[in-house]
There are 2 protein chains.
Amino acid sequence: MSTRTTRRSGAAPTRPTIRDIAREAGVSVATVSRVTHDDPRVTGETKQRVQEAIDRLGYTPSSLGRALSYQRTNTLGIVLPGLGGPYFAALIEGAESVAIQRGVAINVLGTHLRPDAAASVRQLAERTDGLIIAGGTLPEQELERLAKTSRIVLVAGESDTAPSVLTDGRAAAEELTRHLIEVHGHRRLQFVGEPAGSPDTTLRYAGFRDALAAHDLAEAGDPLHYGLDVRSGALAARQVHENGALPDALVCANDELAIGLLATLPGLGHRIPADVAITGFDDQSLAEIASPRLTTVHQPVAELGAHAAAGALGDDLASRTVLETRLVIRESCGCAPSDAPSALPGAAG
Amino acid sequence: MSTRTTRRSGAAPTRPTIRDIAREAGVSVATVSRVTHDDPRVTGETKQRVQEAIDRLGYTPSSLGRALSYQRTNTLGIVLPGLGGPYFAALIEGAESVAIQRGVAINVLGTHLRPDAAASVRQLAERTDGLIIAGGTLPEQELERLAKTSRIVLVAGESDTAPSVLTDGRAAAEELTRHLIEVHGHRRLQFVGEPAGSPDTTLRYAGFRDALAAHDLAEAGDPLHYGLDVRSGALAARQVHENGALPDALVCANDELAIGLLATLPGLGHRIPADVAITGFDDQSLAEIASPRLTTVHQPVAELGAHAAAGALGDDLASRTVLETRLVIRESCGCAPSDAPSALPGAAG
DNA sequence: CTGAAAGCGCTAACAA
DNA sequence: TTGTTAGCGCTTTCAG
């Protein structure tokens, strides 16, 4: 027995609109709107009548209607390759922390499974006030297009068209690699990860090579092209084992990859770090729990997300915001538990 | 020098609307709408003119406007406690696979950090055509309210008001625990996890107790109340160690918890499974990579997500859809690598 | 084949 | 203090 004015079929659930409330309370829609906005201009008595109608019918203003009227959705979009793994979870949490403060909802999109990533992102752009885009998910050309109508900020990547927040992965990787060479005397080092996979990995590989070059060392072998997850690490371990003659150290593109190696190599008869040193990147919580504990580079991932969120939501942002990293020496590089300082001074541009 | 009719301040980026295109092409908005819908009724010549205007101005129909008009958002919402961890990532991927097929966007909400979860979910409900809700994230009363205006389906949980898709965690946990008791002769078993934490954990604990009861065994100690992540597992390990006198077996609420134990206990001088057996739950990829490899229960998590998505998007769904689980025997329970069948017949209601 | 206009739920300027 | 109304971007009957 609904009083709705329009087409309705049968049982589809329907929500009361502002007009329903207005009618129920015997006022105009404007008054209802004022009540939902706590506008002080509305009389106590009227206000109460409206509020009762609202409660009785269970009304909530449609955010769709509001968005259309406001020309603002109160939503922040986040574009990532995928949503697996602790790195992206941390990034999202960082963004979420500022979104919550500002009463903004979050909408994350994983492009990985979407056949047409660009189209999905455009869609998302329409439904949000700003976009955080992970480096490497979209071609520069598409970023340009998006930048025309949306406020976008890149995280862990760079672009000419949008501000970005990132860390100096290249310097950090170099520092890490230097440690392996200078402190532990390793000479045969190999990189694990797909250098072309993401801007982050590209930079880490570059830093790895910088360190080698500074010491006139050649790579012990081409990079082992693997993804950034634990399973890939396990696969890489098997390949390393089958190749025979392990390098002195394996520098992994991220922690998960390193953990995969760490967990698999011992079963194959290789001791870490005695036979081969392993390092990670990111300093996820797994790094500290692994055994041996993982030497890695700490990144303020949540802060990356928070800064990016603030920027995407309208705060002024330098065209390039670089956050500090910190080398974290544990045992997987060969340092003994005792002589391992828990942290060393950081590296960043 | 925009031709927009309305208030515009300075440099805020603006998108062309259907009216801009209509004006540019010298037609009515209705015609433009038809072109964007490939309506065959529009003449080739006109159609081309409109299309050119669209391309020239870079127009894309506003999904907000469309949603308001259609009364449908083409978006699926997913409500989870948090977005960390492989379990939820897999769940989302399952849902995403059907969302992609149907040209629907996905919007996931992690309630964990949101101070007012219920309000956030209501908001989300307005912006979506259907909602997948993880068991335990919302009180029954709130589910009732949501069900009035949204199509909701529960995953890994149950409710009187909405259909649900889940596994029989209780039966699976019992089968797993029986294995520990009957095959390995363990007598002193303890549960790790917070039974009140989520419906899933509640059921697993119940199954654990069922098995003990069937053998007239008492718990070796109260459940160790820890979260469901790796770090919690490491903490639990420390507590177990400090309590002295380890139980024969530790039955963990999920794989991540188990992995945390697995990685930490050896460093504390306890060998697995010789000194203490460990089991997980879920069969995430880490389970196979851990050493010793983790005995656990396989759950079709992606399928849970896929079924739930289909239901939330309008497919008919039984009020209770139960998916099969499968006991996965590896080495952390004490089975030798050789005599461990990689899978055993499943348990499910 | 095309256009005018009403309507989706809401806000805000303007009137009263 | 309250109401009227135009408008946000789009779809869709109904005329023409």
Side-chain angles (χ1 to χ4, degrees), chain A residues 3-8 12 14-50 53-54 57-74 123 125-127 129 149, chain B residues 2-8 12 14-50 54 57 59-74 122-123 125-127 129 149:
Chain A
T3 342
R4 299 295 304 286
T5 50
T6 41
R7 51 184 155 158
R8 282 292 330 292
T14 183
R15 306 174 359 128
T17 77
I18 196 172
R19 262 180 286 270
D20 294 324
I21 304 302
R23 190 181 321 113
E24 179 83 5
V27 299
S28 74
V29 296
T31 300
V32 176
S33 179
R34 290 189 188 107
V35 170
T36 63
H37 286 266
D38 272 326
D39 189 313
R41 292 177 303 184
V42 48
T43 305
E45 203 271 326
T46 315
K47 175 170 183 170
Q48 187 178 338
R49 199 148 34 95
V50 172
I54 288 178
L57 272 53
Y59 167 76
T60 345
S62 150
S63 48
L64 229 51
R66 279 194 168 167
L68 200 51
S69 182
Y70 285 144
Q71 294 292 82
R72 196 163 44 75
T73 60
N74 269 311
Q123 265 244 47
E126 287 166 24
R127 300 170 184 263
D129 300 330
T149 57
Chain B
S2 144
T3 343
R4 299 292 304 286
T5 50
T6 41
R7 50 186 156 157
R8 284 291 331 292
T14 183
R15 306 175 358 129
T17 77
I18 196 172
R19 261 180 287 270
D20 295 324
I21 304 301
R23 191 181 319 112
E24 180 83 5
V27 299
S28 75
V29 296
T31 300
V32 176
S33 179
R34 291 190 186 105
V35 170
T36 62
H37 285 266
D38 273 326
D39 189 313
R41 291 177 303 184
V42 46
T43 304
E45 201 272 326
T46 315
K47 177 170 181 169
Q48 188 178 337
R49 199 149 35 95
V50 172
I54 288 178
L57 272 52
Y59 167 75
T60 345
S62 150
S63 49
L64 228 52
R66 279 197 167 163
L68 198 52
S69 183
Y70 285 143
Q71 294 291 84
R72 195 162 44 73
T73 60
N74 267 311
R122 281 181 213 161
Q123 265 245 48
E126 288 166 22
R127 300 170 183 263
D129 300 330
T149 57

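These numbers come from a predicted model, not from an experiment.
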Closest-nucleotide ordering on DNA chain C, the 5'-leading residue of B:Leu68 and B:Ala30: B:Ala30
Options D:dC8, D:dT4, D:dC10, nucleotide nearest the side-chain atoms of A:Ser69: D:dC8
For atom NE2 of B:His37 and atom P of C:dT2, their distance in whole Å: 16 Å
D:dC10 OP1/OP2 closer than 4.0 Å to side-chain N/O of B:Gln71: no
Comparing A:Glu45 and B:Gly65 on DNA chain D - which has the more 5′ nearest nucleotide: A:Glu45
Minimal non-hydrogen separation, B:Pro61 against B:Arg66, with atom names: CG-NH2, 3.4 Å
OP1 or OP2 of D:dC8 under 4.0 Å from side-chain N/O of B:Arg19: yes
Side-chain (A:Ser62) to main-chain (A:Gly65) donor-acceptor, under 3.5 angstrom: yes
Sugar-phosphate, base or nothing in reach of B:Val32, heavy atoms under 4.0 Å: nothing
Between C1' of C:dG9 and CG of B:Leu64, the distance in whole Å: 11 Å
Shortest non-hydrogen contact from B:Arg15 toward B:Asp20: O-OD2, 4.3 Å
Distance, rounded to the nearest Å, where A:Arg23 contributes CZ and D:dG3 contributes P: 14 Å
Rounded distance in Å - CG (B:Asp20) to P (D:dC8): 10 Å
Test item: A:Ile54 and A:Thr36 side chains (from C-beta on) under 4.5 Å apart, heavy atoms: yes
d(NZ, A:Lys47; P, D:dG3) in whole Å: 16 Å
Lys/Arg N to Asp/Glu carboxylate O, B:Glu126 vs B:Arg122, below 4.0 Å: no
Sugar-phosphate only, base, or nothing, as touched by B:Ser63 at under 4.0 Å among non-hydrogen atoms: nothing
Charged tip of A:Arg72 within 45° of A:Tyr70 ring normal and under 6.0 Å: yes
Five-pair end axes of the helix from C:dC1-D:dG16 to C:dA16-D:dT1 and the angle they enclose, rounded to 10°: 50°
Base C:dG9 paired with A:Arg15 side chain (donor-acceptor, <3.5 Å): no
Residue-phosphate contact under 4.0 Å: A:Arg66 side-chain N/O, C:dT11 OP1/OP2: yes
Side chain of A:Val29 - closest among D:dC10, C:dT11, C:dC14: C:dT11
Euclidean distance, atom CZ of residue B:Arg49 to atom P of C:dC1 [Å, nearest integer]: 15 Å
For A:Ala53, side-chain contact (heavy atoms from CB on, under 4.5 Å) partners two or more places apart: A:Ile21, A:Glu24, A:Ala25, A:Arg56
Any A:Ser28 side-chain nitrogen or oxygen under 4.0 Å from OP1 or OP2 of D:dG3: yes
Phosphate OP1/OP2 of D:dC10 contacted by B:Tyr59 side-chain N/O (<4.0 Å): yes
Closest nucleotide among C:dT2, D:dT1, C:dT11 to the A:Thr43 side chain: D:dT1
Minimum-distance nucleotide to A:Arg34 side chain [options: D:dT11, C:dG3, C:dA13]: C:dA13
Those residues that, when tested against B:Val29, pass side-chain contact (heavy atoms from CB on, under 4.5 Å) (two or more places apart): B:Ile18, B:Arg19, B:Ala22
Sugar-phosphate only, base, or nothing, as touched by B:Ile18 at under 4.0 Å among non-hydrogen atoms: base
Separation of atom CG in A:Asp39 from atom P in D:dT1, rounded to whole Å: 10 Å
Under 4.0 angstrom between A:Ser33 side-chain N/O and C:dT11 OP1 or OP2: yes
Atom pair distance, as rounded to whole Å: CG in A:Leu57 and P in C:dG9: 14 Å
Cationic N near anionic O, under 4.0 Å, A:Asp39 to A:Lys47: no
Short side-chain N/O contact from A:Thr31 to OP1 or OP2 of D:dG3, under 4.0 Å: yes
